[in-house]
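What follows is one structure encoded as structure tokens, with my remarks underneath.
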Amino acid sequence: MEPASAIERILAAIRAVPRGEVAGYGHIARRAGLPGRARMVARVLSGNEDPGLPWHRILRSDGRIAFPPGSRGFKEQAKRLRAEGVDVRDGRVRMPRADASIDEQVWGM
DNA sequence: CTCATGACTAGCT
DNA sequence: TAGCTAGCCATGA
């Protein structure tokens, strides 16, 4: 067993993000062995149906929520993040180098 | 095959 | 920080 489908690897990478932490689309893609496929990660998320998937922990590279401000998904995501103790200000996550530290602390990169 | 679309990025001003 | 541009990739018409 090896090459689980790209989608599976992406989902696995997303599930690997710990509670209270966040990661970017590009990082998830890279972690799934698909460098440069950030848009594919977004595609997978948009079509995802697994209610247990921590999709709210995935943000854009600039730390902002990828949904249009005010939209339903936007509010929901901000709500879930705050519920995990993440500081969300104006659609933007306040986490100093969250991405970088995640690579190192979570995935040991 | 070409064109448009999108939960994207990186670079420049 | 904000705005704009070009690049990128999978899908579907």
Side-chain angles (χ1 to χ4, degrees):
Chain A
M1 293 250 319
E2 9 204 278
S5 73
I7 296 181
E8 301 243 345
R9 293 197 306 265
I10 289 174
L11 291 176
I14 294 174
R15 294 195 189 96
V17 181
R19 193 168 183 287
E21 289 286 333
V22 295
Y25 291 86
H27 270 171
I28 293 298
R30 205 178 71 178
R31 175 59 182 129
L34 302 166
R37 275 76 177 159
R39 296 194 98 131
M40 189 179 185
V41 173
R43 212 176 188 332
V44 171
L45 280 182
S46 67
N48 148 70
E49 292 182 24
D50 181 349
L53 193 73
W55 57 271
H56 54 279
R57 295 176 193 153
I58 311 305
L59 306 168
R60 289 198 336 207
S61 62
D62 58 5
R64 290 193 163 198
I65 288 178
F67 289 110
S71 69
R72 205 161 168 206
F74 180 94
K75 292 177 184 170
E76 180 62 21
Q77 182 163 17
K79 180 181 177 184
R80 291 192 180 214
L81 285 174
R82 289 199 204 97
E84 294 188 353
V86 177
D87 184 17
V88 184
R89 313 271 310 202
D90 199 43
R92 178 179 300 174
V93 158
R94 286 302 205 174
M95 286 198 92
R97 292 181 250 28
D99 301 55
S101 23
I102 279 193
D103 279 352
E104 182 134 347
Q105 298 167 25
V106 182
W107 294 316
M109 292 175 72

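Reckoned from all heavy atoms, side chains included, excluding hydrogens, waters and symmetry mates. Naming convention: chains lettered A, B, ... in sequence-line order (proteins, then strands); numbering from 1 in each chain.
- Side-chain atoms of A:R94 never come within 3.5 Å of backbone atoms of A:R89 as a donor-acceptor pair (strictly under, hydrogens ignored).
- Applying the salt bridge (charged side-chain N to carboxylate O under 4.0 Å, His left out) criterion to A:R15, with sequence neighbours excluded, gives A:D50.
- Rounding to the nearest 0.5 Å places CD1 of A:I14 at 11.5 Å from CH2 of A:W55.
- Spacing between atom NE2 of A:H27 and atom C1' of B:dA7 amounts to 17 Å, rounded to whole angstrom units.
- Judged as a side chain to side chain contact (heavy atoms under 4.5 Å, CB included), and not counting sequence neighbours, the contacts of A:A42 are A:Y25.
- The side chain to side chain contact (heavy atoms under 4.5 Å, CB included) test applied to A:R19 returns A:R57, A:E84, not counting sequence neighbours.
- In this view, A:S71 and A:F67, A:P68, A:F74 satisfy the side chain to side chain contact (heavy atoms under 4.5 Å, CB included) rule, not counting sequence neighbours.
- For the salt bridge (charged side-chain N to carboxylate O under 4.0 Å, His left out) condition, the pairs that include at least one residue of residues 62-75 of chain A, sequence neighbours left out, are A:R60-A:D62.
- For A:R80, the salt bridge (charged side-chain N to carboxylate O under 4.0 Å, His left out) partners at least two apart in sequence or on another chain are A:E76.
- For the segment residues 71-81 of chain A, no residue has any heavy atom less than 4.0 angstrom from an atom of DNA chain B.
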Protein heavy-atom contacts under 4.0 Å, written 5' to 3' over nucleotides 8-13 of chain C as B (base), S (sugar-phosphate only) or - (none), form the string BBSS--
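- Rounded to whole angstrom, the span from the CG atom of A:L11 across to the C1' atom of B:dA7 amounts to 14 Å.
- In terms of phosphate contacts, A:S61 brings a side-chain nitrogen or oxygen within less than 4.0 Å of OP1 or OP2 of B:dA10.
- Atom pair A:I28:CD1 and B:dC8:C1' shows a separation of 13 Å (rounding to whole Å applied).
- Within the structure, no pair that satisfies the salt bridge (charged side-chain N to carboxylate O under 4.0 Å, His left out) test touches residues 36-48 of chain A, not counting sequence neighbours.
- Annotation: the span from A:Q77 atom CD to A:L59 atom CG amounts to 5.5 Å, rounded to 0.5 Å.
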For nucleotides 1-6 of chain C, list the nitrogen or oxygen atoms of the protein found under 3.5 Å from its nitrogen or oxygen atoms, one pair per line.
residue, atom, partner, partner atom, Å
C:dT1, OP2, A:R92, NH1, 3.2
C:dA2, OP2, A:R64, NH2, 2.6
C:dA2, OP2, A:R92, NH2, 2.4

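- Not a single salt bridge (charged side-chain N to carboxylate O under 4.0 Å, His left out) links A:D90 to another residue, sequence neighbours left out.
- A:R60 places its CZ atom 12 Å from the C1' atom of B:dG6, with the value rounded to the nearest Å.
- One C1' atom belongs to B:dA7, the other to C:dA13, and the distance between them is 22 Å to the nearest Å.
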